[in-house]
Amino acid sequence: MANLTPKEIVEQLDHYIIGQADAKRFVAVALRNRWRRQQVAPPLRDEIAPKNIIMIGPTGVGKTEIARRLANLAQSPFLKIEASKFTEVGYVGRDVESMIRDLTEIAIALVREEAKQGVEEKAAAYAEERLLDLLVPVLPSSVHLTGQVSVDEGTPPVQNQTREKFRGMLRQGKLAERQVEMEIAQAQSMPMIEVFSNSGIDDVGSGLKDVFAKMFPKKTKKRKVAVPEALRILQAEEADKLIDEEKVIKLAIQRTEQSGIIFLDEIDKIASRQGEGQRGAEVSREGVQRDLLPIVEGSIVNTKYGMVRTDHILFIASGAFHTCKPSDLIPELQGRFPIRVELTSLSEQDFYRILTEPQNALIKQYIALLATEGIDLHFEEAAIREMARICALVNKKTDNIGARRLHTIMERLLEDLSFNAPGRSEKSFVVTAEYVNQQLADISQDEDLSRFIL
């Protein structure tokens, strides 16, 4: 985990998210508390529980982005999932334990990728030797009676020289156009099997795939591929051989338990609205909350890789809470989310800053995209201000979808330019305030059109 102070975490988040200072401070402290907990002596360390957070605010104001960027900073396994996807055990749908299994899979992929980077040089060396075996086949005279090939002892000097010549050409990229024939593993199809189970249904399919993979040998097929592609395939195969899978699983489970982050979106959708009576959908919502409770409180979930404890996984929940409030959640679940922070709606000035300041700002993205077609795109200051004004106006008149409205506005604004860019003779284009008005004014003023187009 990166050893960042809360102030440094907020500064990093500021590069991508505009405003929402309170939310940034709370998540920065939550992340720093994880590092602090690791410094505490073991007996007390296990007793320190994460302070889970509920973010309250309309859509498109940065709730998901804050959680996602936080996970990137912490180099932690991160899972975003809609709470409304879950159903009470016994109903058709996903059970809540599946999110821990999904998080574990993400952690394993993360650790495996790190392990591959650690053996990259060795795997590249082995892959090069295997590719040279394909490019310069060993002559029969160099094959011993045992059938073993010896490049050093049994290979004639002339063939060794040829091999080294090919090695030099390979490293210089002179063989990029050449093709080699090699055995490539094919994806195996699993027989159709109907499984009747109430618990762990999400884990059954992947478990069966592993069983059949062990029962039946991998099928291979001879194919001709270009040398660079062959080198990539061989390097991936060699890296897989060098990785200690048991060590990967052990480290991934540890990382899931100690630094995993689960972002529970739309938690307001499973809140039981007061005064509606306890029947139908309300009973199901409360059932999902009660199923979530042990996971958030801390329990042990069985995965195909082993047992995973959820005691120290950080849960960040979010919801608009338009028709209900956090107090409509069952009291036990409320208690497991002690930190509540309200995110504010975005203003016209916020939209302007979102368009210009972040490292991944929309304007920067579109300039880069159209540069690939040789178009030099430029936005005047007044044009950006006008786009921000229209975005704020449409959000106020119709549904407030926050910064997501900017994506629609930008697409509508640059639709003609994007379509004609490949064949356009004029390679410079300046977006002015007049052009913005020309493209968007009619739609922004007509409320019915805005509702369906913007």
Side-chain angles (χ1 to χ4, degrees), residues 11-21 23-24 57-66 68-69 72 320 322 343-454:
E11 286 171 359
Q12 291 294 321
L13 293 174
D14 283 341
H15 292 158
Y16 299 96
I17 302 144
I18 296 300
Q20 314 303 355
K24 289 175 185 173
T59 184
V61 296
K63 300 189 295 294
T64 305
E65 191 67 7
I66 286 173
R68 190 165 65 85
R69 294 291 174 185
N72 288 342
H322 288 312
L343 283 79
T344 56
S345 295
L346 299 172
S347 65
E348 183 179 325
Q349 179 62 19
D350 289 330
F351 289 129
Y352 172 78
R353 293 181 63 201
I354 289 167
L355 283 169
T356 55
E357 291 183 20
Q359 290 184 4
N360 60 339
L362 271 181
I363 283 179
K364 296 175 185 175
Q365 292 180 28
Y366 278 87
I367 288 172
L369 282 172
L370 287 167
T372 63
E373 302 278 8
I375 304 293
D376 181 19
L377 181 63
H378 177 71
F379 289 82
E380 289 186 352
E381 171 81 8
I384 302 172
R385 294 280 180 190
E386 187 62 17
M387 288 158 59
R389 186 191 69 78
I390 290 173
C391 186
L393 178 66
V394 176
N395 269 348
K396 188 177 179 181
K397 279 184 174 181
T398 62
D399 296 325
N400 185 0
I401 61 171
R404 291 187 177 94
R405 183 81 65 191
L406 290 171
H407 291 269
T408 315
I409 284 175
M410 288 291 286
E411 279 296 321
R412 190 75 186 174
L413 178 68
L414 300 174
E415 178 189 13
D416 185 64
L417 179 63
S418 295
F419 185 83
N420 295 307
R424 186 181 168 87
S425 57
E426 179 61 49
K427 294 301 181 183
S428 180
F429 191 87
V430 179
V431 178
T432 63
E434 290 76 20
Y435 182 78
V436 172
N437 272 317
Q438 179 187 338
Q439 296 295 105
L440 302 175
D442 292 343
I443 297 169
S444 64
Q445 288 169 11
D446 189 322
E447 192 169 328
D448 290 333
L449 277 175
S450 296
R451 191 176 299 279
F452 293 107
I453 296 177
L454 290 183

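Given the structure is predicted, the values throughout are model-derived calculations rather than measurements. Only this structure's heavy atoms are used, side chains among them; waters, hydrogens and symmetry mates stay out.
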(message) For the CD1 atom of Ile18 and the CG atom of Leu13, what is their distance to the nearest 0.5 Å?
(response) 11.5 Å

(message) Between Phe379 and Ile367, is the side-chain contact (heavy atoms from CB on, under 4.5 Å) condition met? List the steps.
(response) CA-CA 9 Å; Phe379 289 82; Ile367 288 172; 4.2 Å; yes

(message) Are Glu381 and Glu386 packed together at the side-chain level, in the sense that at least one heavy-atom pair is separated by less than 4.5 angstrom?
(response) no

(message) Can you tell me how far apart CG (Asn360) and CD (Gln365) are? Round to the nearest 0.5 Å.
(response) 6.0 Å

(message) Is the shortest side-chain heavy-atom distance between Val394 and Thr408 below 4.5 Å?
(response) no

(message) Quick one, Gln20 and Leu346 - any side-chain contact, counting heavy atoms below 4.5 Å?
(response) yes

(message) Please report the interatomic distance CZ(Arg385) to CD1(Ile390), rounded to the nearest 0.5 Å.
(response) 14.5 Å

(request) Kindly indicate whether the side chain of Val430, heavy atoms from C-beta on, has any atom under 4.5 Å from the side chain of Glu380. (result) yes

(request) Considering non-hydrogen atoms only, spot the tightest contact between Cys391 and Gly402 and give its length. (result) SG-O, 4.4 Å

(request) Output, in order, the C-alpha distance, side-chain angles, deciding distance and verdict of side-chain contact (heavy atoms from CB on, under 4.5 Å) for Met410 and Met387. (result) CA-CA 8 Å; Met410 288 291 286; Met387 288 158 59; 2.9 Å; yes

(request) Rounded to the nearest 0.5 Å, what's the gap from CD on Glu65 to CZ on Arg68? Could you check? (result) 4.0 Å

(request) Could you grab the distance from atom CG of Leu355 to atom CG of Leu406, nearest 0.5 Å is fine? (result) 4.5 Å

(request) Mind listing the closest non-hydrogen atom pair of Glu348 and Ala388 along with its distance? (result) O-CB, 3.5 Å

(message) Restricting to non-hydrogen atoms, name the atom on Thr356 and the atom on Tyr352 that form the minimum distance, rounded to 0.1 Å.
(response) OG1-O, 2.9 Å

(message) Assess, by modelled atom type and distance only, whether the side chains of Glu411 and Tyr366 contain a donor and an acceptor separated by less than 3.5 Å.
(response) yes

(message) Side chains of Val61 and Thr344, heavy atoms from C-beta outward: is any pair under 4.5 Å?
(response) no

(request) Give a yes or no on whether the backbone of Asn395 and the side-chain of Asn400 come within a donor-acceptor separation of less than 3.5 Å. (result) no

(message) So does Leu343 get a backbone contact from the side chain of Lys63, meaning a donor-acceptor N/O pair under 3.5 Å?
(response) no

(request) With rounding to the nearest 0.5 Å, note down the distance linking CG in Leu413 to CD in Gln439. (result) 6.0 Å

(message) Please give me the minimum heavy-atom distance between Ala383 and Ala433, naming the atom from each residue.
(response) CB-N, 3.7 Å

(message) Any non-hydrogen side-chain atom of Leu414 less than 4.5 Å from a side-chain atom of Leu377?
(response) yes

(message) For a side-chain contact (heavy atoms from CB on, under 4.5 Å) check, start with the C-alpha distance between Gln12 and Asn72, then their side-chain angles and the critical distance, and finish with the verdict.
(response) CA-CA 10 Å; Gln12 291 294 321; Asn72 288 342; over 6 Å; no

(message) Is it the case that the side chain of Asp350 and the backbone of Ser347 share a donor-acceptor pair, with hydrogens and angles ignored and the cut-off at 3.5 Å?
(response) yes

(request) Determine yes or no for a side-chain-to-main-chain donor-acceptor pair under 3.5 angstrom, with Ser418 supplying the side chain and Glu415 the backbone. (result) no

(request) Assess whether side-chain contact (heavy atoms from CB on, under 4.5 Å) is satisfied between Arg405 and Phe351, documenting all intermediate values. (result) CA-CA 10 Å; Arg405 183 81 65 191; Phe351 289 129; 5.8 Å; no

